[in-house]
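Remarks on the structure that follows.
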Amino acid sequence: MARPEAQLQSLIARLRGGGDLNQSHVTELMMEVRQILEKRNKKEKFPILNLYCNWIAHIQINKSKIGYQMLYEITEIIAKHYNTTDTDAMIREISKVFSLEDLRRSLLVIFKEISLPTFLFDNHDNWHAFLQILISKLLEKGIELPNPATGQAKEWEEKIVAAGACVTTPHGKGFSAKRISIIAHDGKAHWNVEIREIAGTLLAGPLHIADKETVK
């Protein structure tokens, strides 16, 4: 079996030769990067990249520390903005939790470490195309806590619930993120948050993609 570095080199060569980027390319790239992270013991160094590599490969993510942290951060943001009218700020802040710029930087580092061209990640149009395809492969796949939560997951569950305990809704106290995902709405990607305390309640907003100025 070819090493993941060699597989990536072959893929990048095909794309550089004029091949159009498609879903199979993005999936292959993320799977090979996943193997490289495991092989080089770099999953802890690149937690966001590792999360996305696993996210594209699984229907749901429920055993991820960085995933639990995202649920916690989103709950904090919702609690902060719940009684304000600045929904734009909440939308921007929740989008940042998905750490798409961190993902890009991590891919750049990995590709530079193995001496591969970085044109997919340091060119705005290429990165935007890559992200659009990656996001399409993540649609409806959730990040959540296991049920029941035990051990480290239980500790995170308690932190998440506590972060939203200050919010009072018409249904009572508490407003915390149970599950997050990316959905398509009107042809655009949106983040989607399922609320723990109110069954069937969803909170959604447009997922902001990196602006041209951030790609350097």
Side-chain angles (χ1 to χ4, degrees), residues 1-16 19 21-74 94-123 126-146 152-153 156 179-184 189 191-192 207-210 214-215:
M1 181 180 294
R3 294 180 299 113
E5 293 88 347
Q7 293 284 75
L8 276 179
Q9 185 177 33
S10 174
L11 171 61
I12 294 301
R14 296 197 306 271
L15 292 173
R16 207 171 196 182
L21 188 68
N22 59 39
Q23 287 192 352
S24 64
H25 294 143
V26 172
T27 300
E28 180 184 351
L29 185 148
M30 296 299 282
M31 292 299 93
E32 300 302 339
V33 169
R34 183 187 184 200
Q35 289 190 52
I36 289 170
L37 294 179
E38 292 179 354
K39 175 183 172 183
R40 301 190 177 202
N41 296 316
K42 293 197 171 185
K43 293 192 292 184
E44 294 296 323
K45 184 177 180 180
F46 299 102
I48 289 295
L49 176 55
N50 185 56
L51 172 71
Y52 276 91
C53 288
N54 288 320
W55 201 358
I56 199 172
H58 296 94
I59 295 174
Q60 66 180 14
I61 298 292
N62 63 9
K63 296 179 181 178
S64 167
K65 180 180 177 181
I66 193 70
Y68 304 157
Q69 184 176 325
M70 290 171 69
L71 289 164
Y72 174 74
E73 291 178 5
I74 287 173
I94 291 179
S95 288
K96 286 181 180 179
V97 173
F98 285 82
S99 302
L100 296 176
E101 178 58 16
D102 186 305
L103 173 65
R104 186 186 72 86
R105 287 195 300 265
S106 297
L107 284 165
L108 277 169
V109 171
I110 291 295
F111 269 58
K112 287 177 180 177
E113 283 187 0
I114 57 179
S115 302
L116 286 179
T118 57
F119 61 89
L120 285 176
F121 318 120
D122 56 17
N123 172 280
N126 290 344
W127 174 239
H128 186 79
F130 182 90
L131 266 187
Q132 292 294 330
I133 295 172
L134 175 64
I135 288 170
S136 75
K137 296 291 292 181
L138 301 177
L139 293 179
E140 309 292 346
K141 295 182 175 183
I143 295 176
E144 58 191 47
L145 288 156
Q152 185 184 69
W156 275 102
R179 181 181 189 270
I180 57 176
S181 61
I182 300 174
I183 62 172
W191 47 258
N192 188 61
L207 179 64
H208 288 181
I209 306 297
T214 68
V215 179

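We use all heavy atoms of the structure for the numbers below, so side chains are in, but hydrogens, waters and symmetry mates are not.
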Approximate separation, where rounding is to 0.5 Å, of [X] [atom1] and [Y] [atom2]:
{"X": "Leu134", "Y": "Leu139", "atom1": "CG", "atom2": "CG", "value": "10.0 Å"}
{"X": "Arg40", "Y": "Ile110", "atom1": "CZ", "atom2": "CD1", "value": "7.5 Å"}
{"X": "Glu44", "Y": "Leu37", "atom1": "CD", "atom2": "CG", "value": "11.0 Å"}

Side chain to side chain, [X] and [Y], heavy atoms closer than 4.5 Å:
{"X": "Ile66", "Y": "Ile143", "answer": "no"}
{"X": "Ile12", "Y": "Phe111", "answer": "yes"}
{"X": "Trp127", "Y": "Leu103", "answer": "yes"}

Set of residues satisfying ring-ring contact (aromatic ring centres under 6.0 Å, His included) with respect to Phe46, sequence neighbours excluded: none
According to salt bridge (Lys or Arg N to Asp or Glu O under 4.0 Å), who are the partners of [X], at least two apart in sequence or on a separate chain?
{"X": "Arg16", "result": "none"}
{"X": "Lys39", "result": "Glu5"}
{"X": "Glu73", "result": "none"}
{"X": "Glu140", "result": "none"}

Worked check of side-chain contact (heavy atoms from CB on, under 4.5 Å) between Leu29 and Phe130: CA-CA 10 Å; Leu29 185 148; Phe130 182 90; 4.0 Å; yes
Determine all donor-acceptor pairs shorter than 3.5 Å in which one atom belongs to a side chain in residues 113-121; sequence neighbours excluded.
residue, atom, partner, partner atom, Å
Glu113, OE1, Lys42, NZ, 2.5
Glu113, OE2, Lys42, NZ, 3.0
Thr118, OG1, Asp122, OD2, 2.6

Test side chain to side chain donor-acceptor pair (under 3.5 Å) applied to [X] - qualifying residues, sequence neighbours left out:
{"X": "Ser24", "result": "Asn22"}
{"X": "Ser10", "result": "Arg14"}
{"X": "Gln23", "result": "Ser136"}
{"X": "Gln9", "result": "none"}

side-chain contact (heavy atoms from CB on, under 4.5 Å) involving Ala153 - partner list, sequence neighbours excluded: Tyr68, Leu145, Pro146, Ala149
Candidate pair Leu11 and Glu32, rule side-chain contact (heavy atoms from CB on, under 4.5 Å), full reasoning: CA-CA 10 Å; Leu11 171 61; Glu32 300 302 339; over 6 Å; no
Candidate pair Arg105 and Val109, rule side-chain contact (heavy atoms from CB on, under 4.5 Å), full reasoning: CA-CA 6 Å; Arg105 287 195 300 265; Val109 171; 5.6 Å; no
Residue pair Ile36, Leu8: steps toward the side-chain contact (heavy atoms from CB on, under 4.5 Å) verdict: CA-CA 10 Å; Ile36 289 170; Leu8 276 179; 3.5 Å; yes
Exercise answer: donor-acceptor pairs, residues 48-60 side-chain atoms, under 3.5 Å, sequence neighbours excluded:
residue, atom, partner, partner atom, Å
Tyr52, OH, Phe98, O, 2.6
Asn54, OD1, Arg34, NE, 2.9
Asn54, OD1, Arg34, NH2, 3.2
Asn54, ND2, Asn50, O, 3.1
Trp55, NE1, Lys141, O, 3.0
His58, ND1, Asn54, O, 2.8

For Asn192, the option from Ile182, Ile183, Ile180 that meets side-chain contact (heavy atoms from CB on, under 4.5 Å): Ile183
